[in-house]
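Please read the structure below before turning to the comments.
To find a chain, count down the sequence lines: A is the first, B the second, and so on, and within it residues start at 1.
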Protein chains: 2
Amino acid sequence: MIAMRTQERLIESARALLWERGYVGTSPKAILEHAGAGQGSMYHHFKGKSDLALTAIRRTCAELLGTAEALLCGPGTPYERIEAYLLRERDVLRGCPVGRLTMDPEIIASAELRAPVDETLDRLRERLAGTVEEGKERGQFPPHLDGEEIAATVLATVQGGYVLARASGSPAAFDTGVRGLLSLLRSDTDQVA
Amino acid sequence: MIAMRTQERLIESARALLWERGYVGTSPKAILEHAGAGQGSMYHHFKGKSDLALTAIRRTCAELLGTAEALLCGPGTPYERIEAYLLRERDVLRGCPVGRLTMDPEIIASAELRAPVDETLDRLRERLAGTVEEGKERGQFPPHLDGEEIAATVLATVQGGYVLARASGSPAAFDTGVRGLLSLLRSDTDQVA
DNA sequence: GTCTATACACTGATAGAC
DNA sequence: GTCTATCAGTGTATAGAC
């Protein structure tokens, strides 16, 4: 945080605290202390808490979408790309920095704050759905599977995996759920390139 | 709330607010106002906010577990029971009253508050795993599926379904994810009683 | 048992000095 | 741009009257 401008430190501090404590659980004071800034700085660069949060959330969403799309548009067969997305390294116990926001009452109550979250998960679903459809065309997945449905299942398994892991205090439950999903997808996979 | 004793009204008010706003987002004042009680009542019946929350959480966990086990131990084949659990009526946009607590930093930071959440989701997984294993014995599911893994996948799909639904502001995403999961389970199902 | 009164820190925001 | 000072309201908890 040392070599950043104050505005930048505020955004990064807000991102970290929103991930850890959510919107309701994050106070301007906590952000300012984390950023090493005085009370007035935030109100110079942003209209208030929600304005700073919106900037932070948009950046987090963009980053997450970039990471996921890189894997889903990368090399390999459709199954392999979905597998890569599911098995990618994650800080499981911290939860999903985007998904966790959906449990925050003030994020859901604000159309503006919810919008980037909605858009991010929606694009991820589209990308996953496209990958499944491509797998069907290539004969890797059977035609009776629905791309949109499987996409939602894959994304839900990931988001719910975080819930199970955090409840148990261990990443194991996340991995177990993912392995189960992969075994179901493999059952349907003709091992064809 | 009219015919209840004050203590009971406090617990039910805490349950409602914890579901809607989480632990961090729920203040004693809000609980007292919702319950129509004065400031002192809560501190007569409970040691403080966390003590009341613990009582409320335990009751919510017991209720959820009861509902789920009734379906998973009910009539029908293993597949049908899992289907009944997945398709049961839910207030999807409100989220899971137990699962949402895992995104609360103060619940996770407290071993005492996290314990009932952990135990509830763990028992649910065990019950689901047993159901899958039973399906394997009966020849309804193929032997290569792992009961524990599929149980985690099923539970994660439900928990993650809430996330997708709340993000999009519509229950549709939950249903889509569940349909995808059921289609994967059916692919592996020999339609045998 | 339930109430009001009170305490003290924190919340989100503004004013104005530098 | 950043700071300190200040504000009205809220958060969690206690004291003590009834």
### Message
Using side-chain contact (heavy atoms from CB on, under 4.5 Å), reason through A:Thr55 and A:His45 one step at a time and then give a plain yes or no.
### Response
CA-CA 11 Å; A:Thr55 304; A:His45 294 287; over 6 Å; no
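Judged by distance alone, the side chain of A:Thr176 and the main-chain N or O of B:Ala152 form no donor-acceptor pair under 3.5 Å. Although no hydrogens or angles enter the test, the distance criterion places no donor-acceptor pair under 3.5 Å between the side chain of B:Arg15 and the main chain of B:Ala56. A donor-acceptor pair under 3.5 Å is absent between the side-chain atoms of A:Ser110 and the main chain of A:Glu106, judged by distance alone.
Checking the phosphate oxygens (OP1, OP2) of C:dC10, no side-chain nitrogen or oxygen of A:Ser27 falls inside 4.0 Å. Contact check, B:Ser41 against C:dG1: no side-chain N or O comes under 4.0 Å of OP1 or OP2.
For the pair A:Phe46 CZ and C:dG12 C1', the interatomic distance rounds to 16 Å; values are reported in whole Å. Residue A:Arg21 contributes atom CZ, which lies 13 Å from atom C1' of D:dG11 at whole-angstrom precision. When rounded to the nearest whole Å, the span between CZ of A:Arg9 and P of D:dT2 equals 8 Å. One can place CG of B:Leu17 at 14 Å from C1' of D:dG11, the figure rounded to the nearest angstrom. Between A:Met42 atom CE and C:dA13 atom C1' the separation is 8 Å, expressed in whole Å. Taking atom NZ of B:Lys49 as the reference point, atom P of D:dA13 lies 8 Å away to the nearest angstrom. Rounded to whole Å, the distance from CG on B:Leu52 to C1' on D:dA13 is 14 Å. Between B:His45 atom NE2 and C:dT2 atom C1' the separation is 8 Å, expressed in whole Å.
A:Gln7 comes within 4.0 angstrom of nothing in the nucleic acid, heavy atoms only.
Comparing C:dG1, C:dC3, D:dT2 by their closest approach to the side chain of B:His44 singles out C:dG1. Comparing D:dT10, C:dG12, D:dC3 against the side chain of B:Lys29 picks out D:dT10 as the nearest. Each of C:dC3, C:dA13, D:dT12 was ranked by its minimum atom distance to the side chain of A:Gln39; first place goes to C:dA13. Distances were taken from every side-chain heavy atom of B:Tyr43 (C-beta onward) to each of D:dT12, C:dT11, D:dT2; the shortest belongs to D:dT12.
Both the sub-6.0 Å distance and the 45° axial angle are not jointly satisfied by A:Arg21 relative to the ring of B:Tyr23.
Of the two residues contacting DNA chain C, namely A:Tyr23 and B:Ala37, the nearest-nucleotide position lying further toward the 5' end is that of B:Ala37.
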